[in-house]
4 protein chains.
Amino acid sequence: MKKIKVGIVGGTGYTGVELLRLLARHPNVQIQVITSRGEAGLPVADMFPSLRGGVKLAFSDPATVDLTQCDIVFFATPHGVAMRQTPALVAAGVKVIDLAADFRLQDAAEFEKWYKLPHDCMDILEKAVYGLPELYARDIAQAEVIGNPGCYPTTVLLGLAPLLEHGWIDYSAPIIADAKSGVSGAGRKAEVGTLFSESSDNLKAYGVAGHRHHPEILAQLKKLSGHNAVQLIFVPHLIPMIRGMLTTLHVKLNAEGKRQSLQSVYEQRYANDYFVDVMPAGALPETRSVRGANYLRLALYPQAADYVTIIVVQDNLVKGASGQAVQNMNLMFNLPVDTGLQILPLLP
Amino acid sequence: MKKIKVGIVGGTGYTGVELLRLLARHPNVQIQVITSRGEAGLPVADMFPSLRGGVKLAFSDPATVDLTQCDIVFFATPHGVAMRQTPALVAAGVKVIDLAADFRLQDAAEFEKWYKLPHDCMDILEKAVYGLPELYARDIAQAEVIGNPGCYPTTVLLGLAPLLEHGWIDYSAPIIADAKSGVSGAGRKAEVGTLFSESSDNLKAYGVAGHRHHPEILAQLKKLSGHNAVQLIFVPHLIPMIRGMLTTLHVKLNAEGKRQSLQSVYEQRYANDYFVDVMPAGALPETRSVRGANYLRLALYPQAADYVTIIVVQDNLVKGASGQAVQNMNLMFNLPVDTGLQILPLLP
Amino acid sequence: MKKIKVGIVGGTGYTGVELLRLLARHPNVQIQVITSRGEAGLPVADMFPSLRGGVKLAFSDPATVDLTQCDIVFFATPHGVAMRQTPALVAAGVKVIDLAADFRLQDAAEFEKWYKLPHDCMDILEKAVYGLPELYARDIAQAEVIGNPGCYPTTVLLGLAPLLEHGWIDYSAPIIADAKSGVSGAGRKAEVGTLFSESSDNLKAYGVAGHRHHPEILAQLKKLSGHNAVQLIFVPHLIPMIRGMLTTLHVKLNAEGKRQSLQSVYEQRYANDYFVDVMPAGALPETRSVRGANYLRLALYPQAADYVTIIVVQDNLVKGASGQAVQNMNLMFNLPVDTGLQILPLLP
Amino acid sequence: MKKIKVGIVGGTGYTGVELLRLLARHPNVQIQVITSRGEAGLPVADMFPSLRGGVKLAFSDPATVDLTQCDIVFFATPHGVAMRQTPALVAAGVKVIDLAADFRLQDAAEFEKWYKLPHDCMDILEKAVYGLPELYARDIAQAEVIGNPGCYPTTVLLGLAPLLEHGWIDYSAPIIADAKSGVSGAGRKAEVGTLFSESSDNLKAYGVAGHRHHPEILAQLKKLSGHNAVQLIFVPHLIPMIRGMLTTLHVKLNAEGKRQSLQSVYEQRYANDYFVDVMPAGALPETRSVRGANYLRLALYPQAADYVTIIVVQDNLVKGASGQAVQNMNLMFNLPVDTGLQILPLLP
């Protein structure tokens, strides 16, 4: 088979280097070009020594590169970059996966409110598909443009999807998502708050008054439930570990929900989803069980007061970002969904 | 003033060494004796090199020691030890503070259910006081025997006390305590699960199906609220940090609760409590802000659906254990509550 | 090609689970059996959740298993186990790679002195090959039994081999190996010293008065240099990280050594060694640049007083243990050396 | 006794907040003023929540503050700031302790070479005292201006002082200082290299080609030994822990040195130094044994080839910086050397 020609825009962040790690060993991919405004000319492996011997490319200047020769372009850039370049790529028949937020929120006003940027790519936004393969595989396979989901939304939505789809949640109570992320989720920006000396041996919540993933989750909760009054309490926490995300969901079941055997409902729902692991009753998912791999594992715990607690883990840089993007690419090019993603987690 | 003669039973765990750190510099204390069955004869500083130069004592054999010469004895032992030795000490006029669970639960049947031990010290249990100074200072001052609270219960109860005391919670919804603890909470036992290579760079929940602090919290919630049908969802998580505890509480307010300015209610409630810090609106408590010190800090966040989220931090080994025990001792000996506890947190 | 039938004895430690991670994705391998005395019957993935979906086997009882059906058996056991079982396996034509120390030291008296065990397998010891592929590839290809090197020796020996082979060291000065290892090197035994709360946010040296890798390194230094009076100061340190090893070597050059361009000497020496990366002058190797992968990277720094400092990094569980074992297996079965080992490091 | 009026210039870094932690509880100190150009007006406790309740001051604008009202001023500023302000303070009779490098190197040309700054305060430099109390207590007591030592030099010099003073080193071999520091040594600047995701679970050397502490150590080695040809190999490493420094020294003894019982020599040399702990033979110093405290612990190991290995630990922010500065202040104001510094280390 002819290799897929891949371009990566913005390869100097953590989602960028993670794309490189995965794509450099993907049997059907040829990485054509990686761009960086600030680092043009620098060999990629000089910035990321883990890629010495594995990636020979240097960063290219985005001003001089012709991305239309690619079959697909990944944007691992700040919010707002992809929407400016996507129209020309789509016009040239190039597929696009944006790992930032430009194509995640169908409601452009919401986007502008939370990201403080005008959305100047509305017609493409309308056709863009939310890239959560376990929910939208068929649309993804046909899509030209993918908005790759945020890391937190992936855990919340896959943790709740079976309940949402069946309509078994009591929406008079808020859904509570108490979420915890490793520090790599904050990216590779030089900031005091994520210095080792500030975030090691420490724990804090952040964004309690409003986090950008809140509207993204809420929009999908409404869509999947068909219920417009869903309420969400979302509290993210910063955990002193590099990778990993664990979301603890507390949900009230309605009368029908209470009658179900949720364990088997979940097992059936995800039986054909290669990357979703419904753990046995009583199991306790750990983030290290998915470190470096594209799996998402979850477990269910019945609680008092008709509540169920659902715990979901993933690697925020893989299933929460770059691995999911590659999974989307596989669907778009009609490859088996696990192609290039059969990496086993690193434990210990 | 004559010094308080202190005995410590079981000085080889983390609450033991923490008691030593605090008491060795307490201006009104003379540490008389530290016992350890396994380590009798060993200088304490040989086990804990941090105490070289600060603590000259060696561990004594509990079989040969006369603890009745002490004014007060701290038990930093496994559950079940204190209740066997306390009657003789009380008879000899020695005060007792137990850092284990022997005197935390007034309901002996509950104790036996959760700790798999018969409670053979019922008359003393009846007189024992739950050692949470911000709630029971007067009783503590008069007490002969203190059951020092668990670490998680301290955060939940001080986080909720103002609401419980005023009756402003809607008890038809469960109280949700999503709690996170550093690894030192698991103690200094050799176990695979708390090895560095198992718990570093990792995150998991544990005890979801039932944790021993659940009945302790619930008993106090009922007592403080006067409301017998309180329901509690309690999910503890293990965080890759040595010390520190952060508990995220999600509570539904009732009609009266909704009308209050909770920020000022909390500030007034704790205005005279030296160790409780109600942070300003919008602040985000961090565990490192209390590392090594006896403070407990909290902040309030109004949420959708008449919920309020309350975030509470403490050092699990200080306010959550040994510091709280010293605070109790201060009250029992009529000393200013912060005597020997004016240690500032270690940051970074 | 027919798959290699592999047996693993002792699969519950870190070198065991690491072998599983690597071999489960090795294209030429069929894992036949994994034994564990203590865990017979338990699915491997119940102990190591990272292997859920990747390894379907359960642990077998070593008493009931016939290992002679395997083509090769890896011993990931305590010292002393392999030497008892190897004679029968060799007699049956099964190849053996021992990840413990049973076949590392040709001098059985030295083995007995350091490991406090009689060596009762002397004839096989004589034929066993020290499994450092960059030094002994030809012998390994022919070997029936491999003593897989210790983690520290791998860094010291590959860091010094070009100098040793050329005879450019001034042996009147001791070779100083200031070595640093992540905590996983201590294994998955329940011990107080490697608890998270004991070894996180901490640094110490250990084994300064005598470490078992000292005689192993010294024997190889003598062999490679042909110089019996080599002296070695070896100081290992325990670093608060899970994986990774960095060894800082300080060596005095002799007159001939001083005249060389060591950078190019090293580059040429390792030009054909897929897993050894001589970094450019001035580079600073980091352990994360090899996390989870079989690379060993090194860099050279000329120093005052005719010394050269050589810094070597590897993942102690991969190139320092299980990856190296797989590399040896590839050589023994005439496969390309990197088969199944083309994993890129995990960064961040 | 009247309190010492203290000013702190540059209170927003780690040495600044550490000075505040120590001085806020010092019984003889009144903190008058803390300056910060960038944060003037901000309450100190808003930046460092650990100081809530402990430090009520806000940062002052350095342009509007009169520091001549202080008895002593600490500079916790970048290199070059203290030397500009010190002449006016000295003229006004204010004592000065600089925690940066302005007064560490007596040779101004060396300073300019390594710090890329002209030294425009030469007359004061001549009178400034190198603030290592265990070596220069008498001079410090008389000094107007103190150059507080760097963290690495403190470990190397106190580790070697007895040998240097007695002349027992064989200077034909280089002194090798293989040093390891926690990340807080890099300060509180926003930089990619010290992000949690870059430096956690990682180990690397840095500054191998030339570190600013090299000339500082070398100058003192020459002074203390009276031997101008001392050679030093200094390799610092970055350890994934917040605080703590461990330096491993490898030194060759001369004929006279070989005949000594170094253990008792060291014990006698430091018998009257409150903060230096010569550990018993065979002990292994750990950084956590000094966490948060002003102690420096060391141990000696005889080695092959007439070498001795000396391992030294300290908290880089306390004995390596701010604690040492307070110790110097105590000497300058004729207070017992441990005043305000009797803090026991935090373990675990």
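Reminder, nothing fancy here: chain letters follow the sequence lines and each chain counts from 1.
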With sequence neighbours left out, what residues match C/Ala58 under side-chain contact (heavy atoms from CB on, under 4.5 Å)?
none

Would you list the atom pairs in which one atom of chain C and one of chain B form a donor-acceptor pair under 3.5 Å?
unit_1   : atom_1 : unit_2   : atom_2 : d
C/Tyr14  : OH     : B/Glu198 : OE2    : 2.5
C/Ser184 : N      : B/Ser197 : OG     : 3.3
C/Arg188 : NE     : B/Glu198 : OE2    : 3.4
C/Thr194 : O      : B/Phe196 : N      : 2.9
C/Phe196 : N      : B/Thr194 : O      : 2.8
C/Ser197 : OG     : B/Ser184 : N      : 3.3
C/Glu198 : OE2    : B/Tyr14  : OH     : 2.5
C/Glu198 : OE2    : B/Arg188 : NE     : 3.4

Could you check which of C/Val192, C/Val183, C/Leu195 has the highest count of heavy-atom pairs closer than 4.5 Å to chain B?
C/Leu195

